Amino acid sequence: MGQYSRHPPHTVIEVPKVPNNYTGGLEFTGLTYTVTKKKKDDDGNWVKQEVDLLHEITGYASKGCITGVMGPSGAGKSTFLDGLAGRIASGSLKGRVSLDGNDVSPSLIKRTSAYIMQDDRLFPMLTVYETLMFAADFRLGSISRTDKKQRVDTLIEQLGLSSTRNTYIGDEGIRGVSGGERRRVSIGVDIIHGPSLLFLDEPTSGLDSTSAQSVIEKVHDIARAGSTVILTIHQPSARIQLLLDHLIILARGQLMYQGSPKDVALHLGRMGRKVPKGENSIEYLIDVIQEYDQSDHGVDPLAEFALTGMKPPTLADDDMSISTVVPSPIPPRRSHSRNHAERPSGKESVGKRLHLQTGARNDKDFDHSVRSPWNTSRSWSASQSGFMQTLKFTPSRQPHGQKMLNPMR
Ligand SMILES: Nc1ncnc2c1ncn2[C@@H]1O[C@H](COP(=O)(O)OP(=O)(O)OP(=O)(O)O)[C@@H](O)[C@H]1O
């Protein structure tokens with residue numbers, strides 16, 4: 001039995017079921033994460049309010065596949081990933097998580113999976129090979145040097161890094177590997193011990209489309225080799241969308257869609273929103289979500305549709321306001337019956353069909369005390385950097401713009 005606190009049986013959502021051809025992976029049921037936020041009431045007094053950052057999320061991520069978590073900014077993607085990866089303080093997350101059919105505790109998931117963060121902090125003065133060897137020393141412990149070298153060589157090949165094997169990681173001052181290569185090294189550092197479960201938070205952020213593609217291609221290979229891969233991703237290109245096997249689309253902490261990327265158009269059609277010719281169905285679904293979010297209905301009808309198939313109300317023109325005002329960055333408390341992540345309550349504060357990334361965090365509204373201590377933890381490479389500095393690699397500096405090869409190899 002896992003240590004996630006269980007929901008009373010009547011609130012556990014039974015759909016969507018895993019498909020008939022499901023061969024294992026991660027299953028989650030009724031994941032709910034509630035935080036207490038402080039806000040000022042009409043009289044200017046601070047009041048506490050409970051908000052569901054995740055609300056009854058049920059679904060699965062199959063082994064051998066990439067599951068992409070998408071949604072507008074502030075949808076709860078990172079929170080969801082943190083929750084699945086055992087990075088939300090024990091007891092705060094309600095629901096159930098199982099791996100290959102067995103309930104697992106957050107701490108077990110955390111110990112056995114790899115979590116790759118956006119900001120890859122690698123040591124600039126190490127080559128790709130040295131970085132991975134160092135990770136092997138750290139992560140593989142007592143296995144022989146020959147075995148470690150073999151593991152690193154295989155990984156270098158698997159990640160498509162053979163041509164940059166002896167190139168320094170580099171930084172702003174010393175040109176080293178490219179952004180995409182750097183991200184792949186970072187992935188290598190975290191998967192050297194062969195975890196079967198992989199979480200990646202925005203692995204393509206900050207990369208150009210070619211590099212982003214190459215990163216996801218390699219992640220795709222890793223998944224096909226038998227790992228369960230779950231990643232959050234913003235506005236993936238059409239080519240990257242083809243590499244995603246399964247989609248989980250969230251908004252306001254609720255499940256909007258779960259299934260194959262290929263079935264998104266069908267889902268929209270059933271909802272009464274046929275995808276206009278020439279438009280990308282995933283982007284269109286997210287646009288539709290935004291429209292509901294900015295209407296008086298909110299996204300509840302879309303969550304209901306995803307859950308039960310009950311068709312959402314058609315949006316009339318006057319349901320949507322046209323405004324140039326950017327929506328509230330931290331969604332304020334919604335007025336509907338359920339207490340999940342909030343949305344702007346009045347028409348006057350919202351805009352129609354706003355770009356996905358208009359949201360920004362307002363740190364003042366955060367109650368950091370409820371955030372998991374793990375969320376602030378730094379990646380392996382960062383936490384080891386003090387240790388790495390003791391290695392004292394002192395390669396001579398190259399003129400800016402020139403790739404450095406390690407003269408020792
Ligand atoms: N500890 C917390 N207390 C209060 N609100 C929080 C806390 N952590 C996250 N939030 C809020 O929860 C919502 C979801 O945050 P999350 O980072 O998961 O969204 P996201 O979909 O990953 O967003 P983005 O795409 O912008 O990175 C946001 O509105 C955020 O402000």
Side-chain angles (χ1 to χ4, degrees), residues 66 68-70 73 77-78 81 114-135 152-153 155-192 198-223 227 229-244 355-357 360 378-385 388-389 393 395 397-406 409:
I66 299 187
V69 182
M70 293 179 63
S73 188
K77 302 179 291 294
S78 301
L81 202 72
Y115 189 102
I116 295 139
M117 301 191 193
Q118 289 176 30
D119 53 340
D120 24 42
R121 299 178 198 197
L122 302 173
F123 196 70
M125 292 303 189
L126 293 186
T127 65
V128 168
Y129 175 79
E130 288 162 350
T131 303
L132 293 173
M133 272 309 280
F134 186 80
V152 167
D153 283 336
L155 197 56
I156 283 180
E157 208 177 305
Q158 193 185 9
L159 293 168
L161 293 167
S162 302
S163 62
T164 50
R165 185 180 194 275
N166 297 322
T167 305
Y168 287 104
I169 298 298
D171 57 16
E172 312 80 43
I174 311 156
R175 185 156 170 228
V177 294
S178 71
E181 287 159 353
R182 186 187 169 90
R183 194 64 52 85
R184 280 182 270 147
V185 175
S186 193
I187 292 170
V189 161
D190 281 309
I191 66 165
I192 189 117
L198 221 66
F199 299 98
L200 299 105
D201 193 14
E202 297 285 351
T204 58
S205 78
L207 299 180
D208 61 62
S209 65
T210 311
S211 307
Q213 168 88 7
S214 76
V215 167
I216 301 299
E217 271 169 4
K218 297 305 165 203
V219 170
H220 185 261
D221 293 345
I222 293 164
S227 296
V229 177
I230 305 168
L231 53 86
T232 59
I233 193 157
H234 266 126
Q235 297 174 311
S237 67
R239 285 189 305 165
I240 288 183
Q241 286 177 19
L242 291 175
L243 295 168
L244 305 178
H355 191 265
L356 277 185
Q357 293 304 305
R378 298 192 304 167
S379 63
W380 168 86
S381 34
S383 62
Q384 298 309 312
S385 61
M388 290 176 94
Q389 273 153 13
F393 279 92
R397 292 207 156 220
Q398 299 288 305
H400 184 75
Q402 190 177 323
K403 287 214 178 199
M404 292 178 72
L405 292 176
N406 185 347
R409 306 211 169 253

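Note: hydrogens, waters and symmetry copies are ignored here, and every other heavy atom, side chains too, is used. Model, not experiment: these values are computed from the prediction.
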Check: L122 and R182 side chains under 4.5 Å, non-hydrogen atoms: yes

A135 to I192 - nearest heavy-atom pair and separation: O-CG2, 4.0 Å

Report yes if the side chains of M70 and P236 come closer than 4.5 Å at any heavy-atom pair, otherwise no. yes

Regarding S178 and E181, do their side chains bring together a donor and an acceptor under 3.5 Å, going by distance alone? yes

If only atom types and distance count, is the side chain of S237 paired as donor or acceptor with the main-chain N or O of I240 below 3.5 Å? yes

So I230 and I66, do their side chains get closer than 4.5 Å, heavy atoms only? no

Taking atom CG of L243 and atom NZ of K218, what is their separation to the nearest 0.5 Å? 11.0 Å

Test side-chain contact (heavy atoms from CB on, under 4.5 Å) applied to V69 and I233, step by step: CA-CA 6 Å; V69 182; I233 193 157; over 6 Å; no

Using atom types as modelled and distance alone, determine if a side-chain donor or acceptor of T167 lies under 3.5 Å from a backbone N or O of V177. no

Looking at R165 and D153, does any basic side-chain N land under 4.0 Å from a carboxylate oxygen? yes

Restricting to non-hydrogen atoms, name the atom on G180 and the atom on S211 that form the minimum distance, rounded to 0.1 Å. CA-CB, 3.7 Å

From the list V189, L132, I222, side chain to side chain contact (heavy atoms under 4.5 Å, CB included) with L155 holds only for L132

Y115 pairs by side chain to side chain contact (heavy atoms under 4.5 Å, CB included) with which of L81, D190, L198? L81

Hey, are the side chains of M125 and I174 touching, using non-hydrogen atoms and a 4.5 Å cut-off? yes

Just how far is it from atom OG of S214 to atom CG of D208, taken to the nearest 0.5 Å? 8.0 Å

So do the side chains of E202 and K77 get within less than 4.5 Å of each other, counting heavy atoms only? yes

With side chains defined as the heavy atoms from C-beta onward, is the minimum distance between F123 and I169 less than 4.5 Å? no

Over all heavy atoms of both residues, which pair between I191 and A114 is shortest? Give the atoms and the distance, please. CG2-CB, 4.3 Å

Any side-chain heavy atom of T232 within less than 4.5 Å of one from L200? no

Could you tell me whether a side-chain N or O of R239 sits under 3.5 Å from a main-chain N or O of Q213, the two making a donor and an acceptor? no

Rounded distance [0.5 Å steps], CG in L126 versus CZ in F134: 8.0 Å

Does any part of the side chain of V185, heavy atoms only, come nearer than 4.5 Å to the side chain of L159, both counted from C-beta? no

Is the backbone of T127 close enough, under 3.5 Å, to the side chain of T131 for a donor and an acceptor to pair up by distance? yes

Please check if the side chain of R183 supplies one atom and the backbone of P203 the other of a donor-acceptor pair under 3.5 Å. yes

